[in-house]
Undergrad: 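Here's a structure for you.
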Amino acid sequence: MRTNLPIDATRLWDDLMALAEITDPDRPWTRRAFSTVFLEGRAYVARRMREAGLTVRLDTAGNMIGRREGRFPGHKAIVLGSHTDTVPDGGRFDGTAGVMAGIAVARSLHRDGVVLDHPLEVIDCLAEEVSIFGLSCIGSRAIAGQLSTEQLRRQAPDSHEILHDAINRMGGDAADVGAARRDDIAAYLELHIEQGPVLQDERRDIGIVTAISGITRLEIVIEGQADHAGTTPMHLRRDALVAAAAAVTVIRKDAQRRAAAGHGHFVATVGEFRVEPNAGNVVPSRVTLLVDARAEERSFMEGFVAELPPLIERAISGSGAEITSFRAISDNRPALSDPLLLEVLEQSTEKFGFAARRMASGAGHDMAWFSRVAPSAMIFIPSRDGRSHTPEEWTEPGEVAAGAAVLHQAVLYLDKLLA
């Protein structure tokens with residue numbers, strides 16, 4: 001581990017590991033939003049924020065915010081953030097590395113008596129991971145003014161609690177959730193583990209995130225005809241599942257072609273099937289499949305969606321089955337990083353001699369929502385073997401420290417560059 005970094009790397013690592021230990025019993029590493037153990041984790045983070053010289057508050061959406069004032073009260077805040085909730089049986093670094101690195105930056109400034117021109121905030125966004133309410137990025141959606149009344153009525157399947165009440169239980173005030181929207185952020189920076197193998201494989205220290213890919217989810221229904229599996233001749237079958245298998249193959253081939261075309265990050269996955277009647281002795285009559293497509297460039301996504309139906313129709317012709325429904329059930333545009341912030345992050349990596357590369361994010365992050373209200377950007381640090389959302393998720397101490405050092409330097413640069 002480098003010893004000439006401006007942050008206390010040992011303290012950062014110890015804090016990160018201590019937070020990880022706050023987990024559901026016998027289920028590492030699980031700290032789901034809205035749970036009792038999540039609140040225990042937040043109490044730990046709040047203590048670390050205060051020790052770093054931050055004043056801690058909760059906004060009306062349940063985001064936890066640590067703030068140190070700047071020299072000029074009228075300046076907008078420079079914000080560092082991510083999240084401390086996890087997926088079930090998740091890892092020790094996803095989200096938490098960004099929050100604890102932000103605290104490490106604040107601690108270093110506090111230790112050295114540095115007074116910035118701008119206020120500095122570290123935000124632990126509520127429920128970035130998909131929550132029990134079937135919704136992700138709840139806190140950052142609210143900061144962007146995009147948490148709707150309809151979403152606040154979403155109900156948890158087991159407890160039947162609604163999101164409105166759960167936010168209140170976390171210390172927010174859902175009746176006034178609109179007050180969480182921000183227009184006073186000068187810049188938002190987020191550190192996150194890559195959750196992929198590129199930095200490791202290329203031996204790079206830092207990934208500078210140019211965009212968070214837009215995510216479009218398509219629901220495709222293919223219908224055939226149910227018949228007896230033992231008595232219906234093969235040449236007379238209208239098997240919806242056989243047609244759906246052909247559809248999956250053509251979706252993959254088209255995604256591979258687009259990914260190789262050099263228009264930025266593009267992937268497409270069929271990860272969900274519903275087969276009807278789903279009986280071993282019945283020819284499938286209906287298949288519903290869900291396509292998850294992600295593109296760095298919006299035009300590439302639009303081309304994929306427009307051209308996919310005729311591709312599938314040709315692939316399943318002769319099967320006796322047909323597409324009866326093709327619709328987008330969600331469609332989020334890419335979130336582009338701010339060009340000035342990208343330059344500042346590159347200069348910050350160069351100051352320490354770190355090897356960096358520009359790259360897009362295929363996963364969603366809080367930054368996508370912050371980018372709607374403020375200049376925003378991200379950095380990635382390496383993930384061993386690209387593993388994430390698993391107990392085996394791992395990033396080396398020196399890699400976490402390197403990312404925090406880049407954040408620290410970027411804050412110093414931005415404090416003088418921004419009005």
Side-chain angles (χ1 to χ4, degrees), residues 11-52 54 56 58-59 61-66 80-104 122-142 154 156-159 161 163 165-172 190-195 363-367 381 383-384 387-395 397 400 403-404:
R11 180 71 179 276
L12 168 57
W13 183 258
D14 289 347
D15 286 351
L16 192 56
M17 293 299 101
L19 177 58
E21 292 296 332
I22 303 173
T23 179
D24 284 352
D26 304 318
R27 197 180 184 187
W29 311 92
T30 302
R31 192 173 50 255
R32 298 203 72 188
F34 304 107
S35 67
T36 300
V37 74
F38 173 72
L39 288 173
E40 292 174 6
R42 276 204 153 175
Y44 175 83
V45 174
R47 291 195 298 273
R48 293 296 174 262
M49 284 182 170
R50 293 187 182 98
E51 290 171 2
L54 301 172
V56 181
L58 291 173
D59 70 9
N63 296 302
M64 188 165 71
I65 302 171
L80 310 177
S82 198
H83 61 98
T84 60
D85 64 310
T86 75
V87 298
D89 301 307
R92 288 171 278 187
F93 303 90
D94 177 358
T96 59
V99 174
M100 302 314 290
I103 294 173
V122 180
I123 301 183
D124 173 17
C125 297
L126 179 65
E128 189 268 356
E129 304 290 2
V130 176
S131 66
I132 55 175
F133 301 96
L135 191 66
S136 62
C137 295
I138 290 171
S140 52
R141 283 176 194 265
R154 294 179 73 109
D158 294 334
S159 67
E161 181 182 37
L163 176 56
D165 295 342
I167 288 175
N168 291 343
R169 185 163 52 82
M170 293 296 101
E190 181 171 355
L191 176 149
H192 206 281
I193 60 171
E194 181 195 349
Q195 301 176 283
H365 297 286
D366 288 309
M367 176 249 161
I381 54 177
S383 298
R384 180 188 290 174
R387 303 292 304 281
S388 185
H389 285 189
T390 172
E392 290 74 39
E393 181 180 274
W394 186 259
T395 297
V400 179

Undergrad: Which heavy atom in Leu12 sits nearest to a heavy atom in Met100, and how many Å separate them?
TA: CD1-O, 3.4 Å

Undergrad: Can you tell me if Glu190 uses its side chain to pair, donor with acceptor, with the backbone of Met367 under 3.5 Å?
TA: yes

Undergrad: How many angstroms lie between atom OG1 of Thr86 and atom CD of Glu128, to the nearest 0.5 angstrom?
TA: 11.0 Å

Undergrad: Specify the closest pair of heavy atoms between Ala127 and Asp85, including all atoms of both residues, with the distance to one decimal.
TA: CA-OD2, 3.5 Å

Undergrad: Is it the case that the side chain of Arg154 and the backbone of Phe133 share a donor-acceptor pair, with hydrogens and angles ignored and the cut-off at 3.5 Å?
TA: yes

Undergrad: Which class fits the ring pair Trp13 and Phe93: parallel under 30°, tilted 30 to 60°, perpendicular over 60°?
TA: tilted

Undergrad: If you round to the nearest 0.5 Å, how far is CG of Leu126 from CG of Leu58?
TA: 9.5 Å

Undergrad: Backbone N or O of Thr30 within a donor-acceptor pair of the Thr23 side chain at under 3.5 Å?
TA: yes

Undergrad: Identify the two heavy atoms, one from Ile193 and one from Ser383, that lie closest to each other, and give their separation to 0.1 Å.
TA: CB-OG, 3.5 Å

Undergrad: When rounded to the nearest 0.5 angstrom, what distance separates CD in Glu129 from OG in Ser136?
TA: 8.5 Å

Undergrad: Tell me, which pairs form a salt bridge (charged side-chain N to carboxylate O under 4.0 Å, His left out) where one or both residues lie in residues 25-49, sequence neighbours left out?
TA: Asp15-Arg48, Arg27-Asp89, Arg42-Asp124, Arg48-Glu51

Undergrad: Ignoring hydrogens and angles, tell me if any N or O in the side chain of Glu393 forms a donor-acceptor pair with the backbone of Asp94 under 3.5 Å.
TA: yes

Undergrad: Between Arg92 and Ala20, which heavy-atom pair has the shortest distance, and what is it?
TA: CG-CB, 3.2 Å

Undergrad: So, for Phe34 and Ser131, which heavy atoms are closest and what is the spacing to 0.1 Å?
TA: CE1-CB, 4.0 Å

Undergrad: Rounded to the nearest 0.5 Å, what separation is found between the OG atom of Ser388 and the NE2 atom of His192?
TA: 7.0 Å

Undergrad: Could you give me the CA-CA distance, side-chain angles and deciding distance for Ile65 and Asp59, then say whether side-chain contact (heavy atoms from CB on, under 4.5 Å) is met?
TA: CA-CA 7 Å; Ile65 302 171; Asp59 70 9; 4.1 Å; yes

Undergrad: Which heavy atom of Asp366 sits nearest a heavy atom of Cys125, and at what distance?
TA: OD2-CB, 3.6 Å

Undergrad: Within this structure, what is the CD-CD1 distance for the pair Gln195 and Ile381, rounded to the nearest 0.5 Å?
TA: 10.5 Å

Undergrad: Kindly compute the distance separating CE (Met49) from OH (Tyr44), expressed to the nearest 0.5 Å.
TA: 12.0 Å

